[in-house]
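Given the structure is predicted, the values throughout are model-derived calculations rather than measurements. For the single chain, residues carry numbers from 1 onward in sequence order.
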Amino acid sequence: ELETYWPIMISFHQKRWQAEGKKGAFSSTEFFDFHKSILNSNQQITPLFSVLLVNNKAAAIHYYLAIGDTLHFYQSGWDSTAMTGFSPGLSLHIWSIKNNPYQYYDFMMGNKADSYKSQFGCELKAMLNVKAINSPFRLLLHKLIIKVSNNIG
């Protein structure tokens with residue numbers, strides 16, 4: 001299925017960025033070739049996808065690199081015409097966190113505290129694995145602690 005969903009994900013990703021007047025990551029030959037080599041290799045990196053289907057047609061796709069005990073979110077794309085008013089990326093994150101066999105789920109969100117990814121109540125570690133908080137109670141508690149910390153400081 002990688003061969004099926006890889007070009008669709010690239011197409012979704014590129015259309016979204018080009019609609020904003022930007023090139024998109026896959027316009028870079030080096031970027032594209034790097035990921036194509038991962039898809040075609042048998043190294044310790046396993047490429048995986050989560051796919052949201054609507055009427056048996058791909059509407060959104062997340063691309064992951066599984067390494068050791070961690071599933072690293074790397075890239076995404078979605079059909080913006082089919083997903084108006086919905087958040088397919090959020091839906092795929094939730095599904096992938098709950099249904100993957102890996103111990104850690106790494107958003108690869110970098111240093112952006114204002115990212116939607118930060119709302120998952122993650123333990124932030126610089127360039128290390130991130131474990132998502134799956135419990136709604138723990139997530140609420142984490143948000144409360146952050147809010148109180150921000151008001152005190």
Report task. Identify, with sequence neighbours excluded, every residue that meets ring-ring contact (aromatic ring centres under 6.0 Å, His included) alongside F26. Result -> W6, H13, F31
Query - Set of residues satisfying ring-ring contact (aromatic ring centres under 6.0 Å, His included) with respect to F12, sequence neighbours excluded - result: none
Requested in this report: Give a yes or no on whether the backbone of K23 and the side-chain of Q14 come within a donor-acceptor separation of less than 3.5 Å.
Outcome: yes
Find out whether [X] and [Y] are in side-chain contact, i.e. whether some heavy atom of one side chain is under 4.5 Å from a heavy atom of the other.
{"X": "Y105", "Y": "L71", "answer": "yes"}
{"X": "L48", "Y": "Y102", "answer": "yes"}
{"X": "H93", "Y": "S76", "answer": "no"}

Please determine whether residues [X] and [Y] belong to a single hydrophobic cluster, defined as Ile, Leu, Val, Met, Phe, Trp and Tyr linked transitively by side-chain heavy-atom distances below 4.5 Å.
{"X": "I61", "Y": "L53", "answer": "yes"}
{"X": "W78", "Y": "W17", "answer": "no"}
{"X": "Y63", "Y": "I45", "answer": "yes"}

Report task. Would you give the length of the straight line joining atom NE2 of H72 to atom OG1 of T46, rounded to the nearest 0.5 angstrom? Result -> 10.5 Å
**Report entry** For S50, the option from F73, Y64, Y5 that meets side-chain contact (heavy atoms from CB on, under 4.5 Å)
**Finding:** Y64
Report task. Grab the two heavy atoms, one from A58 and one from V51, that are nearest each other, plus how far apart they are. Result -> CB-CG1, 4.2 Å
